**Q** 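Below is the structure I would like to discuss, written out as structure tokens.
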Amino acid sequence: MCGIFGYVTKNEEALGSILIAAAERLTYRGYDSVGAATMNHGKIDLRKDVGKVDAVAAKYNIAEMRGQRGITQLRWATFGEPSQVNSQPHLDSNGDMVGAHNGNVVNNVELREEFMAEGMIVRSQNDGETCVHAVERYIKRGYQFIDAIRLAYGDLQGDYAFVIGRADDDKLYAFKKGSGMVIGIGDGFTCLSSDLPSILPLTREVIRPQDGEIVTLWADRVEVRSVKDGKIIQRMPETVTEAMDAVQKGGYPHFMLKEIHEQAQVARELIHLLDGSPDVQPLIEKMKSARHLYFIGCGTSYHAALAGAVYFAQLAGRAVIPILAPQFIAQYAPAVGYEDVGIFVSQSGETKDVLNALEAAEKRGMSCFGLANVVGSTLTKATSFCLPLCCGYEISVPATKTFTNQVVTFLYLAYRLAGKDPSTALGDHSLRSGRAIDRIPDLMEQTIEMVAPQIEAIAKDINEWNDMYCLGYGATYPIALEGALKLKEITYAHCEGMLSTEFKHGPLSAVSKGFPIVFVAGTNDVPLIISGINEVKVRGARTIVVAEEDSRLRANGDDLVVIPKSDPQISALLAVLPLQLLSYHMSVLRGFDPDFPRNLSKTLTVD
Ligand code: M6R
């Protein structure tokens, strides 16, 4: 997740060290490249590159940079590989303006072409540069700077925050759409950032601009205007009282809980990104003509692959082989060829098991594509192309937001492969309110709201148990596996995920009085789940059912955790949220740190 920071003072100052310190405070968001620009007396000094803050700062002597205004940016690659030219900030064609953004401008590819056709110098593939040229376009057409910014806002689609300054000026200008941005007001300076932590050591007086507003920052004042009519909006500063650590965690006690709550927003951003991605259609074509289609991953990413395979069959009538990466090498690699397509799924893009499978597949000439969160990772470089998951940095070891965005991507691809407009493919209720896929973020928010208190209570009730099961069927089977993995990973209890119908083939003998069994019930599978519930209930089990409201499930299960109504595939996806919360609360109740479970690391680069 990129981060921006801007700083305005009255006179020229040594801004380099202020920018480096602010960049350091943004690093927790995750990044691959760093840049800084200062503006003073008609001149812009720009230094940037791929690497860590301290390394780039040392290499380019950023500490010596002086100016009256400064911008720093940490880049988490989405559009364009990590490289010096794609690093931010960016200049306009003539080097009169400099700007940087965080987030994603999803129509940047089209805009870049328009800008080049209009004669502008476009130097990178990065969407941050698109934002600068979007302003330049209207300056060239004769608009005043503030109006050029207002018009640029209308052209730039996506979720982002953007700051820009002119060499020959004394101000910075900023706006945001769908993404966060905070303005700081200090003694003799003003500043802005993607989030609070980079501002807090400087000032606690802040303004939080809204979408559709443009902020102008002078050294001693801030002005907020409406994009729509250019009129000034009165906005009083507020005083922030939280501690730095709490602010970094977004006010949540752990990163895991913060990341669980971020899922709706990152899903929103991902859907926008996929809508604008030039890579989706070529991938669809490749998959259509493939002899066999493999989805390959490990751990949580494998569960997403499994969910994807169910969606592809149910929605597009396309069989997919989901497979754990090491088993792919043993079971399928000897038989694959150039007619086959593999999608390699990985949050980190560095999992050795996945990279080994990729190598084995490539040796056989298979077409290999990726789905990864860390753009610039080995997987993104080694595949023909890799769709980004667009989640930003996932700090907590248990994967949460990256899992849901992997599943959302597969759902999106399944509809596109089906060749149906998602709005007509998803059933009646979706027709009333546009594409069903667009409703996922809101449904996620509703789910968390609906289930949170009940899940906390259930966590307390079953916390003494060190043995559990999590059962699902069809689209909810991968979700049950994922719920069980989360529970194992951070509670250290044994929790097995299983196909509900398999339970009677052996594990049933483990059931004793109070034994907790979670059922994830899809709307079409209720009768099947009910027989599973009764099988274990008569043997004393405590049954916790995650499902949409259903009187039959209410009558049969001990606890019904109700999630919002939606289509079966979306419903399955939503069901993972209560399971993530259950594992989180049980972990905390046991006195563990869910962010850093023992024996595990975020990225497994070993065999
Ligand atoms: O980075 P990857 O998605 O390739 O990682 C694969 C697994 O190691 C990972 O999903 C692991 O299972 C998670 N920590 C689960 O929360």
Side-chain angles (χ1 to χ4, degrees), residues 1-41 43-77 82-91 98-103 126 128 132 161-165 167 171-172 174 180-204 206 217 219 244-245 247-248 376 392-393 395:
M1 199 157 35
C2 312
I4 54 172
F5 174 84
Y7 194 84
V8 183
T9 58
K10 191 133 194 69
N11 301 307
E12 180 190 331
E13 273 185 31
L15 293 187
S17 51
I18 294 172
L19 298 179
I20 296 168
E24 287 286 4
R25 293 192 292 272
L26 285 168
T27 55
Y28 82 101
R29 292 166 66 93
Y31 70 106
D32 47 62
S33 320
V34 187
T38 51
M39 286 144 273
N40 201 29
H41 300 311
K43 284 202 189 108
I44 294 175
D45 183 359
L46 172 63
R47 309 180 192 194
K48 58 183 187 173
D49 212 338
V50 176
K52 295 284 165 210
V53 173
D54 51 355
V56 174
K59 188 172 170 193
Y60 293 91
N61 202 358
I62 289 180
E64 71 170 14
M65 291 173 79
R66 298 183 62 81
Q68 178 261 330
R69 285 150 296 143
I71 294 173
T72 185
Q73 200 267 8
L74 296 192
R75 175 170 188 244
W76 170 275
S83 66
Q84 194 196 19
V85 72
N86 285 330
S87 307
Q88 301 202 47
H90 294 283
L91 297 170
V98 64
H101 90 317
N102 69 253
N126 179 247
V132 179
F162 174 58
V163 57
I164 187 164
K171 309 177 265 297
L172 286 179
M181 189 166 78
V182 188
I183 308 294
I185 301 165
D187 193 6
F189 71 90
T190 60
C191 58
L192 77 124
S193 179
S194 312
D195 60 19
L196 261 178
S198 56
I199 286 187
L200 273 195
L202 301 171
T203 177
R204 287 182 167 265
V206 304
L217 294 96
M244 182 70 162
D245 180 55
V247 170
Q248 280 193 332
Y393 199 29
I395 293 175

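All values derive from a computational prediction rather than experimental measurement.
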**Q** Tell me every residue that passes salt bridge (charged side-chain N to carboxylate O under 4.0 Å, His left out) with Lys10, counting only those two or more places apart in sequence or in another chain.
**A** none

**Q** Looking at Ile183 and Leu217, what are the two nearest heavy atoms and their distance?
**A** CG2-CD2, 3.9 Å

**Q** Quick check for you: to the nearest 0.5 Å, what is the distance between Leu74 atom CG and Glu24 atom CD?
**A** 8.5 Å

**Q** Only counting residues at least two apart or in another chain, list the ones meeting salt bridge (charged side-chain N to carboxylate O under 4.0 Å, His left out) with Arg204.
**A** none

**Q** Over all heavy atoms of both residues, which pair between Ala36 and Leu19 is shortest? Give the atoms and the distance, please.
**A**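 That closest heavy-atom pairing would be CB-CD1, 4.1 Å.
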
**Q** Drop me the distance from Thr190's OG1 to Lys171's NZ, to the nearest 0.5 angstrom.
**A**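 These two atoms lie 11.5 Å from each other.
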
**Q** Going by the rule salt bridge (charged side-chain N to carboxylate O under 4.0 Å, His left out), which residues pair with Asp32 if we only count those two or more places apart in sequence or in a different chain?
**A** none

**Q** Provide the closest heavy-atom pair for Cys2 versus Gln73 in the form atom of the first, atom of the second, distance.
**A**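 Nearest heavy atoms, Cys2 then Gln73: CB-NE2, 3.6 Å.
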
**Q** For Asp187, look at atom CG and say whether over 12 heavy atoms of other residues, nucleotides or ligands are found less than 6.0 Å away.
**A**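 No - once you tally the heavy atoms of other residues, nucleotides and ligands closer than 6.0 Å, there are 12 at most.
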
**Q** Between Lys43 and Asp45, is there a side-chain N and carboxylate O pair less than 4.0 Å apart?
**A** no

**Q** For residues Met65 and Thr72, determine if any side-chain heavy atom of one lies less than 4.5 Å from a side-chain heavy atom of the other.
**A**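 When only atoms from C-beta onward are counted, Thr72 and Met65 do not touch, as no gap falls below 4.5 Å.
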
**Q** Checking Arg47 against Lys59 for the side chain to side chain contact (heavy atoms under 4.5 Å, CB included) test, could you report, in this order, the C-alpha distance in whole Å, the side-chain angles of both residues, the deciding distance, and whether it holds?
**A** CA-CA 10 Å; Arg47 309 180 192 194; Lys59 188 172 170 193; over 6 Å; no

**Q** Could you report the tightest heavy-atom contact between Leu46 and Ala37, atom names first, then the distance?
**A** CD1-CB, 3.9 Å

**Q** How long is the span from the CG atom in Leu192 to the CZ atom in Phe5, to the nearest 0.5 Å?
**A**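 Between atom CG of Leu192 and atom CZ of Phe5 there are 7.5 Å.
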
**Q** Do the side chain of Gln68 and the main chain of Thr9 share a donor and acceptor less than 3.5 angstrom apart?
**A** yes

**Q** Sequence neighbours excluded, which residues qualify as ring-ring contact (aromatic ring centres under 6.0 Å, His included) partners of Phe162?
**A** Phe175

**Q** After noting the C-alpha distance and the side-chain angles of Val132 and Leu91, does the key distance pass the side chain to side chain contact (heavy atoms under 4.5 Å, CB included) rule?
**A** CA-CA 7 Å; Val132 179; Leu91 297 170; over 6 Å; no

**Q** Using a 4.5 Å cut-off on heavy atoms from C-beta on, say whether the side chain of Leu200 contacts that of Val206.
**A**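 Val206 does not reach Leu200 side chain to side chain.
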
**Q** Within the distance-only criterion (no hydrogens, no angle test), does the side chain of Gln88 pair as donor or acceptor with the backbone N or O of His101 below 3.5 angstrom?
**A**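 The answer is yes, because a donor-acceptor pair under 3.5 Å joins these two groups.
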
**Q** Going by heavy atoms in the side chains, are Thr27 and Lys52 under 4.5 Å from each other?
**A** no

**Q** So does Ile185 get a backbone contact from the side chain of Thr203, meaning a donor-acceptor N/O pair under 3.5 Å?
**A**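 Yes; at least one donor-acceptor contact below 3.5 Å.
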
**Q** If the condition is side-chain contact (heavy atoms from CB on, under 4.5 Å), which residues does Ser33 pass it with, not counting sequence neighbours?
**A**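 Ser33 satisfies side-chain contact (heavy atoms from CB on, under 4.5 Å) with Val50, Arg75, Pro82, Ser87 only.
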
**Q** Is there a donor-acceptor pair closer than 3.5 Å between any side-chain N or O of Ser193 and the backbone N or O of Ile4?
**A** yes

**Q** Is it true that a side-chain atom of Thr38 and a backbone atom of Arg69 form a donor plus acceptor pair closer than 3.5 Å?
**A**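 Checking the backbone N and O of Arg69 against the side chain of Thr38, no donor-acceptor pair under 3.5 Å is found.
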
**Q** Of all the heavy-atom pairs spanning Gly67 and Asn40, show the shortest one and how long it is.
**A**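 Closest approach of Gly67 to Asn40, heavy atoms only: CA-CB, 3.8 Å.
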
**Q** Could you note down all residue pairs passing ring pair (Phe, Tyr, Trp, His ring centres under 6.0 Å) where residues 180-203 supplies at least one of them, sequence neighbours left out?
**A**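 Every ring pair (Phe, Tyr, Trp, His ring centres under 6.0 Å) pair that includes a residue of residues 180-203, provided the two are not neighbours, is Tyr7-Phe189.
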
**Q** When you measure from the side chain of Tyr31 to the backbone of Val53, do you find a donor-acceptor pair of N or O atoms at a distance under 3.5 Å?
**A**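 Side chain of Tyr31 to backbone of Val53: a pair is present.
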
**Q** Tell me, do Met181 and Asn102 make a side-chain contact under 4.5 Å, heavy atoms counted?
**A** no

**Q** Looking at every non-hydrogen atom in both residues, tell me the closest pair between Ile199 and Cys191 and how far apart they are.
**A**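 Minimum heavy-atom contact is CG1-SG, 4.0 Å.
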
